[in-house]
**Student:** 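Submitted below is the structure of interest, expressed as C-alpha cells.
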Amino acid sequence: MGYEITANGSSHCFRGGYGGFMSLRENIAKALDKEFGNHYATLSRCFREEDFDAFNKKANKILSDAKFNGYEDVLDFLYAPDGDGGKVSYKTCKKIYDLIKDFDFKGDIFTYAAHSDWKDYEHFKEFLLECYSHRRNMIWS
C-alpha cells in the first residue's frame, strides 16, 4: 500500500510508500522555512497525545510569524492526511513550485526506488508547473 500523486489529464504520476510522501512534504517544509522544516520532520516521531501536543505547541509558535501569511494552503498540503483523496489547487501547486524551484534535493527520491530514475524532484517541479499552466488540481490517494 502506498500513495499516488497525479492530476486529471497529467502526463505525470508519482507512486511510492508513505515514507516517501513524508519525505516529499518534509523537503517542501524545509524549503518554506528551515526552522519550520526541521520541526516538521519531527512529526514522524510523534506517537502519543503528549507528543502531538508538544509538536503542535512548537509548530504554532513558529507559524505565528507573519512570514507564513499567504502560505495557509501550502500548510494545508503539509498537514493533510496521506491517503484520503487529498487535493490542492493549481494555485497552491505554483506556490509549492516557487518554494522548491531552486532547492537542491541532492538526488533524493520520494517514489519507489525500483521505478525511479533518481530525478523525482525534477519531474515533480515539471508536474507542478503543468498543474499551474493547465489549471489542474494536484490529487493524491
Side-chain angles (χ1 to χ4, degrees), residues 1-49 51-141:
M1 183 107 187
Y3 73 88
E4 178 177 286
I5 299 173
T6 193
N8 290 333
S10 176
S11 60
H12 293 84
C13 182
F14 303 91
R15 292 183 183 96
Y18 289 115
F21 193 50
M22 184 63 178
S23 177
L24 170 66
R25 296 200 283 189
E26 284 176 8
N27 282 324
I28 292 169
K30 288 176 185 172
L32 176 61
D33 179 77
K34 185 177 180 178
E35 178 187 16
F36 172 69
N38 288 335
H39 176 64
Y40 181 85
T42 68
L43 182 58
S44 61
R45 295 191 300 264
C46 294
F47 298 103
R48 300 170 301 165
E49 186 174 339
D51 299 336
F52 287 106
D53 290 343
F55 176 88
N56 288 334
K57 184 177 179 181
K58 184 171 181 181
N60 288 336
K61 183 176 185 250
I62 295 168
L63 294 172
S64 68
D65 192 307
K67 68 183 173 185
F68 293 102
N69 291 347
Y71 288 102
E72 294 81 7
D73 52 347
V74 174
L75 294 168
D76 287 344
F77 169 68
L78 296 176
Y79 287 112
D82 290 346
D84 200 21
K87 72 177 182 176
V88 296
S89 75
Y90 68 94
K91 292 178 183 178
T92 304
C93 290
K94 178 67 162 82
K95 284 184 188 178
I96 294 170
Y97 171 79
D98 287 339
L99 287 171
I100 67 170
K101 67 182 177 187
D102 297 322
F103 201 82
D104 182 9
F105 294 100
K106 299 179 176 87
D108 285 352
I109 64 168
F110 60 89
T111 61
Y112 291 124
H115 303 286
S116 177
D117 65 358
W118 301 93
K119 296 179 181 178
D120 290 4
Y121 284 95
E122 288 82 3
H123 298 305
F124 189 64
K125 291 173 190 179
E126 292 168 5
F127 167 72
L128 293 170
L129 283 179
E130 178 186 281
C131 288
Y132 180 70
S133 64
H134 296 288
R135 295 181 179 230
R136 296 176 177 148
N137 295 333
M138 175 174 63
I139 54 177
W140 65 93
S141 56

**Student:** Considering residues at least two apart in sequence or located in another chain, which fulfil the side-chain hydrogen bond (donor to acceptor under 3.5 Å, both in side chains) criterion with Thr42?
**Tutor:**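 Not a single residue meets the side-chain hydrogen bond (donor to acceptor under 3.5 Å, both in side chains) criterion with Thr42.
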**Student:** Rounded to the nearest 0.5 Å, what separation is found between the CG atom of Asn137 and the NZ atom of Lys87?
**Tutor:**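 So the CG of Asn137 and the NZ of Lys87 are separated by 5.0 Å.
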**Student:** Rounded to the nearest 0.5 Å, how far does CZ of Phe21 lie from CD1 of Ile5?
**Tutor:**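 Going from the CD1 atom of Ile5 to the CZ atom of Phe21 covers 4.5 Å.
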**Student:** Quick one: side-chain hydrogen bond (donor to acceptor under 3.5 Å, both in side chains) partners of Thr6, sequence neighbours excluded?
**Tutor:**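 Expected list: none.
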**Student:** Decide if atom CD of Glu72 counts as having more than 12 heavy atoms of other residues, nucleotides or ligands within a radius under 6.0 Å.
**Tutor:**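 Counting other residues, nucleotides and ligands, CD of Glu72 exceeds 12 neighbours.
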**Student:** For the residue pair Tyr71 and Leu63, establish whether any side-chain heavy-atom pair is separated by less than 4.5 Å.
**Tutor:**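 The answer is no; the side chains never approach within 4.5 Å.
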**Student:** Taking side-chain contact (heavy atoms from CB on, under 4.5 Å) as the test, write out the residues that go with Arg135, two or more places apart.
**Tutor:**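 side-chain contact (heavy atoms from CB on, under 4.5 Å) list for Arg135, sorted by chain: Tyr90.
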**Student:** Carefully, step by step, assess His115 and Arg15 under the rule side chain to side chain contact (heavy atoms under 4.5 Å, CB included).
**Tutor:** CA-CA 9 Å; His115 303 286; Arg15 292 183 183 96; over 6 Å; no
**Student:** Going by the rule ring pair (Phe, Tyr, Trp, His ring centres under 6.0 Å), which residues pair with Phe103 if we only count those two or more places apart in sequence or in a different chain?
**Tutor:**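 Ring pair (Phe, Tyr, Trp, His ring centres under 6.0 Å) list for Phe103, sorted by chain: Phe105.
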**Student:** Going by the rule ring pair (Phe, Tyr, Trp, His ring centres under 6.0 Å), which residues pair with Phe55 if we only count those two or more places apart in sequence or in a different chain?
**Tutor:**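 Partners of Phe55 by the ring pair (Phe, Tyr, Trp, His ring centres under 6.0 Å) criterion, ordered by chain and then number, come out as His39.
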**Student:** I'd like to check the side-chain hydrogen bond (donor to acceptor under 3.5 Å, both in side chains) partners of Asp51; sequence neighbours left out, ordered by chain and number.
**Tutor:**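 Arg48.
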**Student:** What salt bridge (charged side-chain N to carboxylate O under 4.0 Å, His left out) pairs are there with at least one residue in residues 104-125, not counting sequence neighbours?
**Tutor:**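 Output for this query is empty, none listed.
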**Student:** Taking only residues two or more places apart in sequence or in another chain, which ones pass ring pair (Phe, Tyr, Trp, His ring centres under 6.0 Å) with Tyr79?
**Tutor:**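 So Tyr79 forms a ring pair (Phe, Tyr, Trp, His ring centres under 6.0 Å) with Tyr40.
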**Student:** Quick check: closest heavy atoms across Gly17 and Tyr112, and the distance to 0.1 Å?
**Tutor:**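 Result for this residue pair: N-CE2, 3.4 Å.
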**Student:** Run the side-chain contact (heavy atoms from CB on, under 4.5 Å) test against Lys91 and tell me which residues pass, sequence neighbours left out.
**Tutor:**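 Testing Lys91 for side-chain contact (heavy atoms from CB on, under 4.5 Å), a comparison that skips the adjacent residues, returns Ser89.
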**Student:** With sequence neighbours excluded, give me every side-chain hydrogen bond (donor to acceptor under 3.5 Å, both in side chains) pair touching residues 56-66.
**Tutor:**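 side-chain hydrogen bond (donor to acceptor under 3.5 Å, both in side chains) check on residues 56-66 returns no pairs.
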**Student:** In terms of heavy-atom contacts, does OH of Tyr3 have more than 12 from other residues, nucleotides or ligands at under 6.0 Å?
**Tutor:**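 Count over threshold, so yes.
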**Student:** At what distance, to the nearest 0.5 angstrom, does NZ of Lys94 lie from SG of Cys131?
**Tutor:**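 If I round to the nearest 0.5 Å, the distance is 13.0 Å.
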**Student:** side-chain hydrogen bond (donor to acceptor under 3.5 Å, both in side chains) with Glu130: which residues, sequence neighbours excluded?
**Tutor:**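 Expected list: Ser10, Ser11, Arg136.
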**Student:** Just how far is it from atom OG1 of Thr92 to atom CG of Leu75, taken to the nearest 0.5 Å?
**Tutor:**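 Spacing of OG1 (Thr92) from CG (Leu75) equals 10.5 Å.
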**Student:** For Asn8, does the CG atom have more than 12 heavy-atom neighbours from other residues, nucleotides or ligands under 6.0 Å away?
**Tutor:**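 Counting neighbours around CG of Asn8, 12 or fewer heavy atoms of other residues, nucleotides or ligands fall under 6.0 Å, so no.
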**Student:** Show your working on side chain to side chain contact (heavy atoms under 4.5 Å, CB included) between Leu43 and Met22 and close with a plain yes or no.
**Tutor:** CA-CA 9 Å; Leu43 182 58; Met22 184 63 178; 4.0 Å; yes
**Student:** What distance do Leu24 atom CG and Ile100 atom CD1 have between them, rounded to the nearest 0.5 Å?
**Tutor:**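 Result: 7.0 Å between the selected atoms.
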**Student:** Ring centres of Tyr132 and Tyr97 under 6.0 Å apart?
**Tutor:**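 No, ring centres 6.0 Å or more apart.
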**Student:** State which residue, out of Phe127, Phe77, Phe110, Phe14, fulfils the ring-ring contact (aromatic ring centres under 6.0 Å, His included) condition with Trp140.
**Tutor:**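 Passing option: Phe77.
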**Student:** Name all pairs fulfilling the side-chain hydrogen bond (donor to acceptor under 3.5 Å, both in side chains) condition that reach into residues 25-34, sequence neighbours left out, sorted by first residue then second.
**Tutor:**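 Found Arg25-Asp82, Asn27-Tyr121, Asp33-Lys67.
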**Student:** Testing Val74, Ile28, Leu128 for side chain to side chain contact (heavy atoms under 4.5 Å, CB included) with Lys95, which one passes?
**Tutor:**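 Answer after filtering Val74, Ile28, Leu128: Val74.
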